[in-house]
Each structure stands twice: as structure tokens, then as C-alpha cells.
Amino acid sequence: MKMLKDVSVGGGLKDLITLLRRNPREQALPLFLALACSGFIFFLFIIDPKVNTDVYVPQEVVYVENWTLDRADEDILNDRWAVQCLKDKRDAKRREAMKSLGRMSGMDVEEIERQAKAERLARGEIEVERPAGITC
């Protein structure tokens with residue numbers, strides 16, 4: 001604290017008053033601007049906790065299905081294919097949205113789709129066929 005031994009608030013205020021007494025008109029505008037800027041920043045600190053506060057959103061509850069140990073393999077596969085059908089519907093909806101966006105921007109969507117299909121076949125990706133009796 002040896003740095004602050006020569007600093008005093010009273011001395012600073014005395015200097016300010018002396019300066020304002022000598023030429024008050026020249027010092028009034030800078031004083032006003034300094035106080036206004038400082039006051040504005042102080043005001044922002046006061047209202048900041050009340051701005052952009054998040055609205056409470058309750059946590060999403062995820063329910064887990066409990067299955068019995070005596071489930072048959074067919075039941076398991078049917079459940080898996082039902083989930084896959086939901087994913088396929090979601091993907092088809094997204095694909096159609098992307099196609100319409102491509103059409104609006106002037107792209108040849110059918111050509112792009114043909115190229116993508118050819119690339120998938122070249123990589124050796126195969127489409128797994130659904131078992132009989134599974135409909136989406």
C-alpha cells in the first residue's frame with residue numbers, strides 16, 4: 001500500500017474546486033460530459049441484471065420403456081423397424097425441404113440426386129429392405 005500513501009480524495013476534490021473557480025465556463029462542458037458518461041455507465045450496471053434474463057424452461061422428461069425378458073426376437077425387430085420408419089419419415093421430410101430450397105435457388109435437384117445415388121453405389125452402400133409385414 002505504499003503506492004497509495006500520497007493519494008487522498010480530499011486533495012483531489014480541493015484541486016477540482018480550485019480549477020472550477022479559476023475558469024468555470026471552460027471547464028463546465030468537459031465536467032458535464034465526464035459526469036454524464038460515468039453516470040450512463042453506472043446506470044447500465046444497475047439495469048444489466050434485469051436485461052436478457054433467461055426464461056425458466058423445465059427439463060425435458062425422457063421416459064424409458066421397460067421390456068420383459070421374455071420378449072420374442074420378432075417383437076424386438078418390429079420395434080426397431082418402427083423406430084426406423086419414424087427416422088425415415090423425418091429424413092424424407094428434410095430431404096423434400098432441401099429439394100424445394102434447391103429448386104428455388106436454381107439447382108438441378110434431380111441431377112444432384114442421381115449423382116449422389118451413383119456415389120453411394122460406388123462406395124458399396126446398400127439399402128436394407130424391410131421385412132415382410134412392416135409398413136411405415
Side-chain angles (χ1 to χ4, degrees):
M1 293 308 241
K2 291 183 180 181
M3 270 183 5
L4 300 178
K5 68 179 181 178
D6 296 330
V7 176
S8 68
V9 176
L13 288 176
K14 286 179 189 176
D15 288 344
L16 177 65
I17 292 169
T18 303
L19 185 68
L20 289 176
R21 282 186 185 158
R22 285 186 187 162
N23 41 11
R25 288 187 179 163
E26 293 176 7
Q27 301 297 325
L29 183 62
L31 176 67
F32 173 73
L33 291 176
L35 291 176
C37 291
S38 300
F40 181 69
I41 292 172
F42 187 69
F43 174 72
L44 290 178
F45 278 118
I46 290 174
I47 66 166
D48 186 50
K50 300 175 183 121
V51 177
N52 293 334
T53 56
D54 291 335
V55 178
Y56 172 73
V57 177
Q59 295 291 324
E60 180 181 349
V61 178
V62 178
Y63 294 99
V64 178
E65 294 183 31
N66 292 325
W67 294 292
T68 60
L69 295 175
D70 59 346
R71 281 179 64 196
D73 288 341
E74 295 85 21
D75 295 336
I76 295 171
L77 289 176
N78 287 338
D79 288 341
R80 286 184 181 172
W81 280 110
V83 170
Q84 187 62 43
C85 284
L86 292 174
K87 289 180 182 179
D88 290 344
K89 287 179 184 177
R90 179 197 62 202
D91 292 344
K93 187 176 180 181
R94 183 175 186 275
R95 194 174 304 114
E96 287 303 317
M98 290 296 126
K99 282 182 182 179
S100 66
L101 179 64
R103 285 187 196 103
M104 287 190 306
S105 59
M107 295 179 174
D108 186 9
V109 179
E110 286 74 22
E111 178 62 28
I112 294 171
E113 193 172 5
R114 279 192 296 274
Q115 289 175 357
K117 188 174 183 179
E119 288 175 7
R120 282 194 300 271
L121 289 175
R123 284 193 305 259
E125 292 181 16
I126 58 171
E127 179 84 22
V128 178
E129 293 189 23
R130 300 205 186 318
I134 301 293
T135 57
C136 291

Can you name the salt bridge (charged side-chain N to carboxylate O under 4.0 Å, His left out) partners of [X], sequence neighbours left out?
| X | answer |
| --- | --- |
| R71 | D79 |
| R120 | none |
| K117 | none |

For [X], does the [atom1] atom have more than 12 heavy-atom neighbours from other residues, nucleotides or ligands under 6.0 Å away?
| X | atom1 | answer |
| --- | --- | --- |
| R103 | CZ | yes |
| R94 | CZ | no |
| D73 | CG | no |
| E125 | CD | yes |

Rounded to the nearest 0.5 Å, how far apart are [atom1] of [X] and [atom2] of [Y]?
| X | Y | atom1 | atom2 | answer |
| --- | --- | --- | --- | --- |
| E119 | L121 | CD | CG | 10.5 Å |
| R90 | R95 | CZ | CZ | 10.5 Å |
| T18 | L13 | OG1 | CG | 10.5 Å |

For this session: Kindly indicate whether the side chain of L101, heavy atoms from C-beta on, has any atom under 4.5 Å from the side chain of M104.
Result: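 Sidechains of M104 and L101: in contact.
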
Exercise. Considering residues at least two apart in sequence or located in another chain, which fulfil the side-chain hydrogen bond (donor to acceptor under 3.5 Å, both in side chains) criterion with R21?
Worked result: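 Not a single residue meets the side-chain hydrogen bond (donor to acceptor under 3.5 Å, both in side chains) criterion with R21.
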
Exercise. Is any NZ, NE, NH1 or NH2 atom of the basic residue among E111 and R114 found under 4.0 Å from an Asp or Glu carboxylate oxygen of the other?
Worked result: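 Yes, this pair counts.
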
Problem set entry | Any donor-acceptor N/O pair, S100 side chain to A97 backbone, under 3.5 Å |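 It does hold such a pair.
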
Problem set entry | Connected-component partners of Y63 among ILVMFWY, side-chain separation under 4.5 Å |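 Members alongside Y63: V61.
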
For this session: Please write out which residues are connected to M107 in a hydrophobic cluster, directly or through intermediates, given that two of Ile, Leu, Val, Met, Phe, Trp, Tyr count as joined at side-chain heavy-atom separations below 4.5 angstrom.
Result: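 The other cluster members (ILVMFWY side chains, heavy atoms under 4.5 Å, direct or chained) are I112.
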
Exercise. Is there a chain of hydrophobic side chains (I, L, V, M, F, W, Y, each step under 4.5 Å between heavy atoms) that links I47 to F42?
Worked result: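 Looking at the clustering, F42 is in a separate group from I47.
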
